[in-house]
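Counting starts at 1 for both ligands and their atoms, in listed order.
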Amino acid sequence: MRVIEIFHSLQGEGILSGTPSVFVRLAGCPLRCRWCDTKYAWDFSAGDEYGVDDLVEAVSKHPCDHVVITGGEPMVGPDLAAREGLAELTRRLRAGRMHVTIETAGRLFIADLACDLMSISPKMANSVPSEPALAVAHERQRTDPGALAGLIEGYPCQLKFVVEAADDIDEIHRLLDRLPPVPSNRVLLMPQAGTRDELLARAPAVAQLCRETGYRFGHRLHVLLWSDRRGV
Ligand SMILES: C[S@@+](CC[C@H](N)C(=O)[O-])C[C@H]1O[C@@H](n2cnc3c(N)ncnc32)[C@H](O)[C@@H]1O
Ligand SMILES: Nc1nc2[nH]cc(C(=O)O)c2c(=O)[nH]1
Ligand code: SF4
Ligand SMILES: [Mg+2]
C-alpha cells in the first residue's frame, strides 16, 4: 500500500474529536474536491510502499489505541490488491485491540472491513472542481446513494457534511431523504475551512444551522489548533 504519512495527533473531526489517534494517510484520490485540504495525497503513486506488517508495526510504535485510516481516498485504492490490503490492515489492527476509524467520501462499498467507525463525508455540489474536465470526473464519482446506503447499514457510522453556505442544507436534506435513517447526532455539519481564519469566519453560521436543524456541529479541532500545518 502507498502511504503518504503516519502521524500521532488528536482526532480533529467528528464524534471522536479530541481523541488521541494515530493517522495512516494512504495515497490517491480520484475526486479532487475544489477545497480539499490534502491535495498532496491525490496522486496514487505518491508516498512510500508499505506492506501490512510494516504498517501495523509503524502504528504500534505510538502509545495510542485509536487509529484513523484516511487519505486521499482509502476506500478506492488503485486496484483490488490495495482494497484487500486495506481489509487485512483493519483486521490486524483490530486484532491488536485498536479502535479503527476509516475516513471516506463513501463512493464505494467494501464489505468485511474491521471498522469501528465508518466516517463518511459525502461530497456535495460545493466540492465540485472549477476546471470542467475535473468537474465531469467528479460528478461521475462523487455520490452513489447505493454505496452510501451499504456503508450506513453495514458499519457503525457518522456522516460529516462540509458546509460552505447556509443553503447547502437543502442538498443535504435531499440526500438524507434517499438514505437509510441516520440519527441526528451522527449527522455533522462541518465548516469548509482549511485555515484557522476560515474556520473562525464560517463556524458561527454553521453553528446556527445546527441549532435550526438539530444536526451536530462538526469540529475541525486540528485546524483550530494548527491551522493548515501538514501532518497533524
Ligand atoms: C482529506 S479527506 C480524506 C478522506 C476522504 N477522502 C474524505 O473526503 O472523506 C478527510 C476529511 O477532510 C474533509 N475536508 C477536506 N478539506 C476540507 C475543507 N477545506 N474544509 C472542511 N473539511 C474538509 C473531508 O470532507 C473529509 O471529511
Ligand atoms: N488531527 C486530524 N484529524 C483528522 N481527522 C480526519 C483527518 C483527515 O485528514 O482525514 C484529520 C487530520 O488530517 N488531522
Ligand atoms: S474526496 Fe477527500 S481526499 Fe479526495 S479530494 Fe475530496 S476531500 Fe480530498
Ligand atoms: Mg485532514
N or O contacts of ligand 1 with protein under 3.5 Å, please list pair by pair.
from     : atom 1 : to     : atom 2 : distance (Å)
ligand 1 : 6 (N)  : Gly72  : O      : 2.9
ligand 1 : 6 (N)  : Glu73  : OE1    : 3.1
ligand 1 : 8 (O)  : Lys123 : NZ     : 2.8
ligand 1 : 9 (O)  : Thr104 : O      : 3.2
ligand 1 : 9 (O)  : Ala105 : N      : 3.4
ligand 1 : 16 (N) : Asp37  : N      : 3.1
ligand 1 : 16 (N) : Asp37  : OD1    : 3.4
ligand 1 : 19 (N) : Trp35  : O      : 2.8
ligand 1 : 19 (N) : Gln192 : OE1    : 2.9
ligand 1 : 20 (N) : Ala193 : N      : 2.9
ligand 1 : 22 (N) : Arg220 : NH1    : 3.3
ligand 1 : 25 (O) : Ser121 : OG     : 2.8
ligand 1 : 25 (O) : Lys123 : NZ     : 3.2
ligand 1 : 27 (O) : Ser121 : OG     : 3.3
ligand 1 : 27 (O) : Lys160 : NZ     : 3.4

Could you give the distance from CZ (Phe217) to CG (Leu188), rounded to the nearest 0.5 Å? 10.0 Å
Out of Ile69, Thr101, Val232, Asp37, whose heavy atom sits nearest atom 14 (N) of ligand 2? Val232
Below the 3.5 angstrom mark, is there an N/O of Thr38, backbone or side chain, next to an N/O of ligand 2? no
Among Gln11, Arg25, Arg230, which residue places a heavy atom closest to atom 9 (O) of ligand 2? Arg25
Mark up the atoms of ligand 2 that fall under 4.0 Å of a heavy atom belonging to Phe23, in ascending order. 1 (N), 2 (C), 3 (N), 4 (C), 5 (N), 11 (C)
Those atoms of ligand 2 less than 4.0 Å from some heavy atom in Ser9: 1 (N)
Classify the side-chain pair Gln11/Glu103 by whether it contains a donor and acceptor separated by less than 3.5 Å. yes
Best match, His219, Glu5, Glu13, His222: closest heavy atom to atom 6 (C) of ligand 2: Glu13
Between CD on residue Gln158 and CD1 on residue Ile15, distance to nearest 0.5 Å: 5.0 Å
Of the protein's non-hydrogen atoms, which lies at the shortest distance from atom 1 (N) of ligand 2, and what is that distance? Leu10 O, 2.8 Å
Any donor and acceptor pair, going by atom type alone, linking the side chain of Arg186 with main-chain N or O of Cys157 inside 3.5 Å? yes
Look only at the side chain of Asp177 and the backbone of Arg174, and say whether a donor-acceptor pair between them is shorter than 3.5 Å. no
Take Arg91 and Asp112 through the salt bridge (charged side-chain N to carboxylate O under 4.0 Å, His left out) test and state the conclusion after the steps. CA-CA 9 Å; Arg91 285 194 288 268; Asp112 300 327; over 6 Å; no
Regarding ligand 2, does Thr70 bring an N or O atom to under 3.5 Å of one of the ligand's N or O atoms? yes
Which of the numbered atoms in ligand 2 are under 4.0 angstrom from any heavy atom belonging to Gly12? 1 (N), 2 (C), 3 (N), 4 (C)
Below 30° counts as parallel, above 60° as perpendicular, anything between as tilted: where do the rings of Tyr155 and Phe109 land? tilted
Backbone N/O of Ala193 and side chain of Arg220: donor-acceptor pair under 3.5 Å: yes
Can you name the residues that form a ring pair (Phe, Tyr, Trp, His ring centres under 6.0 Å) with His99, not counting sequence neighbours? His66
With a sphere of 6.0 Å drawn around CD of Gln208, does it hold more than 12 non-hydrogen atoms of other residues, nucleotides or ligands? yes
